[in-house]
Amino acid sequence: MENQKPLQNGNNVAGDDRSRVGDGSALIFLGTGCSSAVPNAMCLIQPSDPPCHVCSQSLSIPPEHNPNYRCNTSLLIDYCSTNGMHNYIIIDVGKTFKEQVLRWFTFHKIPRIDSIVLTHEHADAVLGLDDIRVVQPHSPTNDIDPTAIYLTQYAMDSVASRFPYLVQKKLREGQEVRRVAQLDWRVIEEDYDKPFVASGLKFIPLPVMHGEDYICLGFLFGEKSKVAYISDVSRFPSNTEYVISKSGRGQLDLLILDCLYKKGSHNVHLCLPQTLDALKRICPKRALLIGMTHDFDQHKDNEVLMEWSEREGIHVQLARDGLKIPIDL
């Protein structure tokens, strides 16, 4: 699978050591689809006439060769610090996490996860937490260093109720030891003035509305190249939009943004008309769209987006699973 052109001075050389000479930072899109992922199961078990073009491809084209095959949204940051050391930070571990590991960790030679950052506690962001153990050293007694995981108190409370065995620190008397993912839970705040550092990379929380009754986090990161990742949003609070806007705190080099449907609107996500309006307001140098349903055909719709890009002066395309973008962070 081809990789897209680099942002700034990154190289595109995969390796499996913590220190890889000449190999810079990169962003790897582990998933670019909606919560139910693509293909849509109903399109396969109750096919329409004619059948859905995007979903029917999944039966004839291997997923690694099909850019319309989309797992839950997730981004892996391969962060190369100034000393040449690599750390691997993943944003969200949803329902398709293990599939993403088997497909893209092996393809891009990702050896481990050093930190996890969660945008929120919905199923498509956290239900892969149990499978974190598949990328941790094997220990039947759980005697390993835990992986740091950053999340809000609200998400922490929700995760603790769903995965108590991942959160509890000590076994109760008489309780058997069972191998589970080892996680070091670190609570962050929903405030762009209170950044945190995960595996050497500073993250600025970007609170956004994911429906009018729910706050989700995006994240701003990178010093040499400014990147904002916003996977679940229906509306930008004015303060958050100011932080990432060209007319506010400065232009982004890359905005990775939610885009659920091609037409119309949705109560908890941006759809293409609202996504493009947001891009014109925020005005990043480049944008990649994520969270798509089977509404979108990668090839056809990227051609349309290229025309929009030339007209508006903002380069925008649909991201795809497995896409790797070298970037100088």
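In this text the structure is predicted, and so the values were computed from the model without any measurement.
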Hey, is the main chain of I314 close enough, under 3.5 Å, to the side chain of S309 for a donor-acceptor pair? yes

S247 and R281: CA distance, side-chain angles, deciding distance, side chain to side chain contact (heavy atoms under 4.5 Å, CB included) verdict: CA-CA 9 Å; S247 60; R281 296 194 313 270; over 6 Å; no

So how far is it from F105 CZ to I113 CD1, rounded to the nearest 0.5 Å? 4.0 Å

According to ring pair (Phe, Tyr, Trp, His ring centres under 6.0 Å), who are the partners of F29, at least two apart in sequence or on a separate chain? none

Any side-chain heavy atom of L279 sitting closer than 4.5 Å to one from L257? yes

Over 12 foreign heavy atoms within 6.0 Å of CG, D193: yes

Does the side chain to side chain contact (heavy atoms under 4.5 Å, CB included) test come out yes or no for W308 and V316, once each step is laid out? CA-CA 8 Å; W308 186 92; V316 56; 3.4 Å; yes

For M209, which fellow cluster members are found when Ile, Leu, Val, Met, Phe, Trp and Tyr are connected by side-chain heavy-atom distances below 4.5 angstrom, either directly or through intermediates? I215

Any donor-acceptor N or O pair under 3.5 Å, side chains H86, D78: yes

Test of understanding: with side-chain hydrogen bond (donor to acceptor under 3.5 Å, both in side chains), list the residues that count as partners of K194, not counting sequence neighbours. E189

Same cluster or not: are I325 and I89 linked, directly or through other Ile, Leu, Val, Met, Phe, Trp or Tyr residues, by side-chain heavy atoms under 4.5 angstrom apart? yes

Is any side-chain heavy atom of H120 closer than 4.5 Å to one of L217? no

Which residues share a ring pair (Phe, Tyr, Trp, His ring centres under 6.0 Å) with Y261, sequence neighbours left out: H266

CA sep, side-chain torsions, deciding dist, call: R186, D184, salt bridge (Lys or Arg N to Asp or Glu O under 4.0 Å): CA-CA 6 Å; R186 304 184 182 186; D184 177 11; 2.8 Å; yes

Mind checking what makes ring pair (Phe, Tyr, Trp, His ring centres under 6.0 Å) contact with F221, not counting sequence neighbours? F203

Would you say the side chains of D130 and Y165 form a donor-acceptor pair under 3.5 Å? yes

For S60 and P62, work out which heavy atoms get closest and say how close. O-CD, 4.1 Å

Mark yes or no for whether S225, through its side chain, and L329, through its backbone, hold a donor-acceptor pair below 3.5 Å. no

d(Y79 OH, L201 CG) to nearest 0.5 Å is 5.5 Å

Determine, stepwise, if the pair I282 / F236 fulfils side chain to side chain contact (heavy atoms under 4.5 Å, CB included). CA-CA 10 Å; I282 296 169; F236 291 92; 4.1 Å; yes

Might you point out which heavy atoms bring G211 and S234 nearest each other, and give the distance in Å? N-OG, 2.8 Å

Work out which heavy atom in S74 is nearest to a heavy atom in Q100; give both atom names and the distance. CB-NE2, 4.0 Å

Just by modelled atom types, is the A181 backbone N or O under 3.5 Å from a matching donor or acceptor in the Q136 side chain? no

Do V304 and L260 sit in one hydrophobic cluster, given that two such residues count as connected whenever their side-chain heavy atoms are within less than 4.5 Å of each other, even indirectly? no

I'd like to know if I327 and I290 are part of one continuous hydrophobic network [Ile/Leu/Val/Met/Phe/Trp/Tyr, side-chain heavy atoms within less than 4.5 Å]. yes

Looking at F196 versus Y150, is the centre-to-centre ring distance below 6.0 Å? yes

Taking the side chain as C-beta and beyond, is there a heavy-atom pair between T147 and R112 under 4.5 Å? no

Let me know which of D92, D124, T152 forms a side chain to side chain donor-acceptor pair (under 3.5 Å) with T119. D92

Which distance, rounded to the nearest 0.5 Å, do you find between the NZ of K262 and the SG of C271? 12.5 Å

Could you tell me if S245 and R249 have a donor-acceptor pair between their side chains, going purely by distance under 3.5 Å? no

Rounded to the nearest 0.5 Å, how far apart are CD of E190 and SG of C216? 9.0 Å

Would you say that more than 12 heavy atoms from the other residues, nucleotides or ligands in this model lie under 6.0 Å from the NZ of K98, or not? no

Cut-off 3.5 Å, side chains only: do S35 and K95 have a donor facing an acceptor? yes

Could you check whether any side-chain heavy atom of Y69 comes within less than 4.5 Å of a side-chain heavy atom of P39, counting everything from C-beta outward? yes

Less than 4.5 Å apart, side chain to side chain, heavy atoms only: is that true for L305 and L276? yes

CE on M306 to CD on E303, rounded to 0.5 Å: 9.5 Å

Is it the case that the side chain of N87 and the backbone of G200 share a donor-acceptor pair, with hydrogens and angles ignored and the cut-off at 3.5 Å? no

Under 4.5 Å between any side-chain heavy atoms of L27 and L76, yes or no? no

Taking atom types as modelled, is there a side-chain donor on D321 or T32 under 3.5 Å from an acceptor on the other? yes

For a salt bridge (Lys or Arg N to Asp or Glu O under 4.0 Å) with D253, tell me which candidate from R286, K226, K285, K246 qualifies. K285

Give, for atom CD1 of I256 and atom OG of S231, the distance between the pair rounded to the nearest 0.5 Å. 10.0 Å

How close do A228 and L252 get, counting heavy atoms only, and between which atoms? CB-CD1, 3.7 Å

Using side-chain heavy atoms (C-beta onward) and a distance below 4.5 Å, is H210 in contact with V268? yes

Would you say that more than 12 heavy atoms from the other residues, nucleotides or ligands in this model lie under 6.0 Å from the CZ of R178, or not? no

Work out which heavy atom in H269 is nearest to a heavy atom in D258; give both atom names and the distance. ND1-OD2, 2.7 Å

Quick one: list whatever passes ring pair (Phe, Tyr, Trp, His ring centres under 6.0 Å) with H294, sequence neighbours left out. none

Give the cluster check for W185 versus Y154: same hydrophobic cluster or not, with ILVMFWY residues linked at side-chain heavy-atom distances below 4.5 Å. no

Quick check on the hydrophobic clustering: are L272 and V208 connected, directly or via other members, by side-chain heavy-atom contacts under 4.5 Å? yes

Short side-chain to backbone donor-acceptor contact, N72 and S36, under 3.5 Å: no

With distance as the sole test, does N302 use its side chain to make a donor-acceptor pair with the main-chain N or O of Q317 at under 3.5 Å? no

Can you tell me if Q274 and S265 form a side-chain donor-acceptor pair at under 3.5 Å? no

Any side-chain heavy-atom pair from E99 and C71 closer than 4.5 angstrom? yes

Would you say the side-chain atoms of N68 and Q298 include a donor-acceptor pair closer than 3.5 Å? no

P205 and P207 have their tightest heavy-atom pair at O-CD, 3.6 Å

Evaluate I90 against I77 for side chain to side chain contact (heavy atoms under 4.5 Å, CB included), listing each step before the verdict. CA-CA 6 Å; I90 189 171; I77 305 167; over 6 Å; no

D143 versus T141, side-chain donor and acceptor atoms under 3.5 Å: no

